[in-house]
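Here is the naming used below: chain letters follow the sequence lines, and residue numbers restart at 1 for every chain.
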Amino acid sequence: MSNYTVNHLAHLESEAIYVLRETASQFNKPVLLFSGGKDSIVVAHLAKRAFWPGKMPFPLMHVDTGHNFPETLVYRDKFVADIGARLEVASVQNSIDQGRVQEEKGPNASRNALQTVTLLDALEEGEYDAAIGGARRDEEKARAKERFFSHRDEFGQWDPKNQRPELWNLFNGRKAQGEHFRVFPLSNWTEMDVWQYIKQERIPLPDIYFTHERDVINRNGTLLAVTDFITVAENETVETRRVRFRTVGDATCTGAVESPAATLDEVIAEVAAARQTERGTRADDKRSDTAMEDRKKAGYF
Amino acid sequence: MTETNYPDMELLRFTTAGSVDDGKSTLIGRLMYDTKTIFEDQLDAVEKTSKQRGDGRLDLALLTDGLKAEREQGITIDVAYRYFATPRRKFIIADTPGHIQYTRNMVTGASTANLAIILIDARKGVIEQTCRHSFIASLLGIKHLTVAINKMDLVDWSQEKFDEIVAAYKAFASRLEIPEITFIPISALHGDNVVEKSTNMPWFQGAPLLYHLETVYIGTDVNHVDPRFPVQYVIRPHSDEWHDFRGFAGRVASGVFKPGDDVMILPSGFNAQIKAIHSNDGELDEAFSPHSVAITLDREIDISRGDMLAKPNNQPTVGQDIDLMLCWFSEKKPLQVRGKYLLKHTSKECRAVVRDIKYKVDVNTLHKIEDVNEVSLNDIARVTLRTSSPLFYDSYRKNRITGSVILVDEFSNETVAAGMIR
């Protein structure tokens, strides 16, 4: 490569750092949404770099469905301690106990959609005016329409047909009282970029991203982990398989993939050869063709 | 994709423009499909929807139109961003709609693009919209234009037809400021000259579209001559280890900065020397666009967000009377003389009042329309603004970052205009 050029990872990194610094400058009280999944781990890592040698000027928030893989929680607490950030936990269980939301019924019941209410309540209570997330435009067709600075009205709603144009690197974060923004520093990253960056930066990940033996059931083509949070139906059989997870979310709707990949290089090779999108393992997206758009309009991540 | 090549890819951003039914979505679908960026489950979903609608063929456009309303109406409403990669480059596509009312989307998509693909339907040739899209690409400072003459299958792969369209395009393109224009005859539907060289058009000597995208030289697209560093954020750790650290954080807009360099700080006009350029990986020998870094100086000077570091012997223009080309985005209110707005320029924010509207541009003919009182949605006009405090700027032609502004309506908070400083 010639002088004064940078590769795509350096470009994406510097863009994300620019967005994070812009967020700290334009908003009174930002918060970084942290799920313990790889994308939010990368965002937190970038935030640490953006403000170094100072500390990142915002806390992390975990919207906790209560349906976690235990490995993610262990990882979360260690990661937060290591980077010296403050963690706030917004609990879906609390929202249920307080009657703010009602638990879904039936064998495919999931707390995925309930998170929206918990998230919006927590943002309002904490008076947060910008919520930084790890969503990427390549993940899903509705997310392909997202802005770096994405406006939410006073009900937390997204209006995808009426978004502010985003030109050059000039981000408009102005808003009325009670409104907030979602900020997506990884907008231009792909799944492959994230994995390559994790490798380059040697960022540790939760174990469930790598191969392990696990009891699973096959439900509508999704390999769901057998946990306390799902009910195995009579006609379903529990099998032990060698699996890993491509995305990490609520344990009731995040499917595993069969994989022998034990190292980052093996995972990267697998991602390069993959013929299914990573969200193909997400039962929450399969509920309808516009499942993501519908949830996002209501205030989802 | 060979794994060893992957981390050393360059990044190319391009935008696509065409009018309705020019086959733009089909072309993007084709590029993604043939580079194996489209996954089986996405394809399944498209097949399912195509079948439900009773379409005879697979509608690749469904891959790019993400919103429910877009899929229902079969149109693209908003800019969508798509990604694909080859071992040589990672590509970011800003897919913008071709409807007349959506000029603002093309301006948005073009603002960050290195290259624009303008689609022409071979049966229709150069039409008004071709002219408009090319003008916008030129106005937004795009350095590489690729004219893809599509649906060649419907004109019997005719070289004569192709030559005719190229000649017609060149006739008006002489008025554009685009240094590099490439013409490629394609069929997005059948894949001819998209990824693979077409066997139906042996008369075409040039490279297929993807090869062109992979190899077009973009090294000079960024200004590495004029050092400009807008201060975005001040880092003060207040820790024992970094007690006196005051780092000026920002993204280099242009030029090169090195430790030991003399810099001038605007607006104060003070000089200082760069002590160090910091990143989380340690100190750097130099920083250039697009690096995000933190710079420390050899003396204490009051510097905050909105200030700029430049060189004593290479400074931007400092002024409050700004002459610019403006694209108006608001359907609710037109731009009027004496209108007041909030202006954003690099990391700086101030107020601006419209002093004069010199002329509007008819984007289809490039004619100037003088004596205008207001500028409405999708209009492009030459305007002078007076700002409440001085801007440190360069002409947009020389510097996309320090030459661009947006205007924000103070009441609705909406972004109502994009401006390119003359």
Side-chain angles (χ1 to χ4, degrees), chain A residues 1-2 4-15 17-18 21-22 24-25 48-55 137-138 140-145 160-161 163-170 172 174-176 187-188 190 192-193 196 200 265 268-269 272 274-277 280 289-290 293-294, chain B residues 1 3 6-11 39-42 45 49 66-69 77-78 80-83 85 90 92 104-105 107-108 111-112 219 222 224 232-233 235-237 239 241-242 245 249 251 256 278-280 288 290-292 305 329 342 344 347 400-401 404-406 408 413-415 418:
Chain A
M1 245 178 221
S2 65
Y4 302 133
T5 60
V6 298
N7 72 22
H8 72 294
L9 284 182
H11 203 106
L12 294 172
E13 180 190 50
S14 105
E15 175 180 82
I17 287 175
Y18 176 84
R21 287 170 172 172
E22 207 56 24
S25 303
K48 185 183 127 203
R49 290 172 74 76
F51 301 100
W52 185 90
K55 284 201 167 161
R137 290 176 181 149
D138 80 318
E140 205 282 332
K141 56 189 183 298
R143 282 187 168 163
K145 300 275 165 172
K161 283 165 74 176
Q163 300 197 76
R164 293 178 187 175
E166 217 155 61
L167 295 112
W168 301 291
N169 56 352
L170 296 169
N172 173 6
R174 288 180 59 94
K175 61 191 176 325
S187 287
N188 280 330
T190 61
M192 184 56 132
D193 298 328
Q196 289 285 352
Q200 175 187 299
D265 282 329
I268 288 168
R275 298 309 305 138
Q276 296 277 325
T277 55
D289 198 28
T290 54
E293 183 181 342
D294 297 341
Chain B
M1 193 182 294
E3 192 197 313
Y6 191 89
D8 266 327
M9 295 191 307
E10 276 184 320
L11 180 67
F39 294 95
E40 279 167 9
D41 49 335
Q42 287 174 308
T49 311
L67 300 175
K68 202 191 306 189
I77 288 170
D78 192 12
Y81 294 89
R82 306 282 157 201
Y83 305 86
K90 171 190 167 91
I92 301 179
R104 80 171 203 191
N105 287 323
V107 170
T108 303
S111 74
T112 50
V222 178
H224 290 306
Q232 198 187 357
Y233 187 88
I235 297 174
R236 270 168 305 187
S239 60
E241 191 188 349
W242 300 95
F245 185 94
R251 197 175 191 195
V256 183
H278 300 265
S279 82
N280 198 184
F288 50 88
H291 287 150
S292 283
R305 176 174 167 87
F329 292 156
L342 208 100
K344 287 172 85 76
S347 53
R400 259 182 160 181
I401 303 292
S404 53
V405 306
I406 57 169
V408 175
N413 292 325
E414 279 170 19
T415 303

For Ser347(B), is it the side chain, the backbone, both, or neither that has a heavy atom closer than 4.5 Å to a heavy atom of chain A? neither
Which one wins on heavy-atom pair count under 4.5 Å against chain A: Asn280(B), Val256(B), Thr112(B)? Asn280(B)
Which answer fits Glu13(A), side chain, backbone, both or neither, if we ask what part of it has an atom under 4.5 Å from a heavy atom of chain B? neither
Contacts of Glu414(B) meeting salt bridge (Lys or Arg N to Asp or Glu O under 4.0 Å) (sequence neighbours excluded), chain-then-number -> Lys332(B)
Scored by heavy-atom pairs under 4.5 Å with chain B, the best of Lys48(A), Lys175(A), Lys55(A) is Lys175(A)
Do Arg137(A) and Tyr81(B) meet the cation-pi criteria used here (NZ or CZ under 6.0 Å from the six-membered ring centre, within 45° of the axis)? yes
First locate atom CG of Asn413(B), then atom CZ of Arg164(A), and finally report the distance between them rounded to the nearest 0.5 Å. 5.5 Å
Quick one: does Glu10(B)'s side chain get under 4.5 Å of Asn7(A)'s, heavy atoms only? no
Taken to the nearest 0.5 Å, the spacing of Tyr83(B) OH from Asp138(A) CG works out to 7.5 Å
Given that the side chain runs from C-beta out, which part of Asn169(A) has a heavy atom under 4.5 Å from chain B: side chain, backbone, both or neither? side chain
Quick one: CG on Asp193(A) to CE on Met9(B), what's the gap to the nearest 0.5 Å? 6.5 Å
Does Arg305(B) pair with Glu22(A) as a salt bridge, N-O distance under 4.0 Å? yes
Heavy-atom pair of closest approach, residues Glu166(A) and Ser111(B): O-OG, 4.4 Å
Tyr233(B) and Phe51(A) aromatic ring geometry - parallel, tilted or perpendicular at 30°/60° bounds: perpendicular
Could you state the interatomic distance from CG (Leu12(A)) to CD1 (Ile92(B)), rounded to the nearest 0.5 Å? 6.0 Å
Just to verify, what does Leu170(A) make a side-chain contact (heavy atoms from CB on, under 4.5 Å) with, not counting sequence neighbours? Trp168(A), Ser404(B), Ile406(B)
Counting only heavy atoms closer than 4.5 Å, note whether His224(B) contacts chain A via side chain, backbone, both or neither. side chain
Using non-hydrogen atoms only, which part of Ala10(A) is less than 4.5 Å away from chain B: side chain, backbone, both, or neither? neither
Give a yes or no answer on whether the side chain of Ser25(A) reaches the backbone of Gln232(B) with a donor-acceptor pair at less than 3.5 Å. yes
Beyond-backbone contact of Pro290(B) with His11(A), side-chain heavy atoms, under 4.5 angstrom: yes
Using a 4.5 Å cut-off on heavy atoms from C-beta on, say whether the side chain of Pro165(A) contacts that of Val107(B). no
Is there a side-chain contact between Tyr4(A) and Val222(B) in this structure, where contact means two heavy atoms from C-beta onward sitting under 4.5 Å apart? no
Does some side-chain heavy atom of Ile17(A) sit less than 4.5 Å from a side-chain heavy atom of Arg251(B)? no
Among Gly54(A), Ser14(A), Ala24(A), which residue forms the greatest number of heavy-atom pairs with chain B at distances under 4.5 Å? Ser14(A)
Would you call Ser292(B) and Arg21(A) a side-chain contact if the rule is heavy atoms closer than 4.5 Å? yes
